[in-house]
Amino acid sequence: IALTSNARQSVEIAQELSVENLTVVPSHALEKTFRENSGGNYMIVPEEFRSDEDRETGHSSLLFIPDEIAVGDMVFFSSHTKGNKQGSQICAAQRISDKDFSMPKALPDIINTSYDEAYPYFDKENATLYFSSKGHNTSGGYDIFKSKYNAATGTWELPEKLPFPINSVHDDYLYTLQDDQNKVMFATNRDNELSEIEVYTVDMGKQGEYLSLKDRDQVTTLALLSPA
């Protein structure tokens with residue numbers, strides 16, 4: 001595994017994760033897997049949320065809808081928007097009535113970069129957005145970041161990258177809390193062919209040891225996240 005400079009900085013010390021489950025799925029089954037195992041509902045973004053650029057490029061995104069969503073709540077998804085940049089970015093639409101949402105708007109530049117941002121999940125209880133980005137200080141491919149939302153000011157905190165080994169030098173995305181807030185799911189392609197995706201379930205409430213990683217073999221072994 002070739003490491004970027006950002007990746008090398010991320011893996012000098014790392015904490016072991018308590019992996020409860022690993023499922024390998026084809027890419028076309030990813031939506032179904034997360035829909036069945038998350039505390040809400042993943043769905044393909046409805047047509048009214050898609051931009052002309054989405055339709056031209058064939059871009060499609062997953063949208064997470066919590067089991068309970070009130071007027072004033074926001075939903076998040078990725079989209080290509082006119083004249084902004086070449087890649088996808090995180091957009092939000094607000095619930096304005098029992099049946100309707102506002103027109104989608106891109107989140108500010110503190111979240112969106114000139115690279116791709118995608119796979120958003122919003123933890124309403126803690127007002128925290130998890131998303132994947134190829135920008136910010138990524139270690140390679142998509143990395144998972146989080147940013148807290150201040151509803152009083154309508155602003156977002158500077159995104160923070162989740163640590164290794166949740167993130168790797170490959171694509172890591174769809175970080176989703178389960179009903180038990182200690183357990184999370186996320187997807188990655190770190191150990192499989194491009195046609196298949198690993199979906200990990202991790203118990204973040206069980207703290208593993210902190211390890212000082214001295215060589216590449218240690219990094220590779222920890223990155224593979226073998227279930228207990």
Any donor-acceptor pair under 3.5 Å linking the side chain of [X] with the backbone of [Y]?
X    : Y    : value
D123 : T128 : no
D171 : Y142 : yes
R55  : E47  : yes
D172 : I144 : no
H136 : D143 : no
N112 : Q89  : no
S18  : D203 : no
Q94  : G72  : yes
T33  : A29  : yes

Euclidean distance, [Y] [atom2] relative to [X] [atom1], rounded to 0.5 Å:
X    : Y    : atom1 : atom2 : answer
N126 : K124 : CG    : NZ    : 12.5 Å
D67  : N41  : CG    : CG    : 5.5 Å
E20  : M185 : CD    : CE    : 12.0 Å
K148 : E157 : NZ    : CD    : 7.0 Å
Y200 : N21  : OH    : CG    : 10.5 Å
C91  : E117 : SG    : CD    : 10.5 Å

Is [Y] close to [X] at the side-chain level, that is, under 4.5 Å between some pair of heavy atoms?
X    : Y    : answer
V184 : Q178 : no
I96  : V71  : no
T201 : V19  : no
K146 : L162 : yes
K105 : S102 : no
V199 : L22  : no
F145 : N137 : yes
Y173 : T188 : no

Mind checking whether [X] and [Y] sit in one hydrophobic cluster, side chains of I, L, V, M, F, W, Y counted as touching below 4.5 Å?
X    : Y    : value
Y121 : L174 : yes
F186 : M204 : yes
F34  : L225 : yes
I197 : Y119 : yes
F64  : F122 : no

*side-chain contact (heavy atoms from CB on, under 4.5 Å) assessment of L177 paired with N182*: CA-CA 7 Å; L177 275 64; N182 283 328; over 6 Å; no
What are the two closest non-hydrogen atoms of [X] and [Y], and how far apart are they?
X    : Y    : answer
T113 : S133 : OG1-OG, 4.3 Å
S60  : I44  : OG-CG2, 3.4 Å
P46  : L63  : CD-CD2, 3.8 Å
N167 : F164 : O-CD1, 3.2 Å
T138 : G141 : OG1-O, 2.9 Å
H80  : S88  : CE1-N, 3.8 Å

_Does either side chain, that of S147 or that of Y130, offer a donor lying less than 3.5 Å from an acceptor on the other one?_
no
*Assess the side chains of E53 and T57: does a donor N or O sit below 3.5 Å from an acceptor N or O?*
no
*Counting only heavy atoms not in E48, do more than 12 sit closer than 6.0 Å to its CD atom?*
yes
*Is atom CG of N150 surrounded by more than 12 heavy atoms (other residues, nucleotides or ligands) closer than 6.0 Å?*
yes
*Could you tell me whether R190 and E198 have a side-chain N and a carboxylate O separated by less than 4.0 Å?*
no
*Is there a side-chain contact (heavy atoms from CB on, under 4.5 Å) between I65 and M43 once you walk through the steps?*
CA-CA 8 Å; I65 300 285; M43 58 182 289; 3.9 Å; yes
*Hey, can you tell me if W156 and Y149 have their rings parallel, tilted or perpendicular (30° and 60° cut-offs)?*
tilted
*Only one of P104, S78, S61 clears side chain to side chain contact (heavy atoms under 4.5 Å, CB included) with V45; which?*
S61
*Let me see the working for L30 and Y42 under side-chain contact (heavy atoms from CB on, under 4.5 Å), right down to the final yes or no.*
CA-CA 10 Å; L30 192 61; Y42 273 104; over 6 Å; no
_Chi angles and distances behind the ring pair (Phe, Tyr, Trp, His ring centres under 6.0 Å) call for F77, F49_ = CA-CA 9 Å; F77 55 95; F49 284 178; 5.2 Å; yes
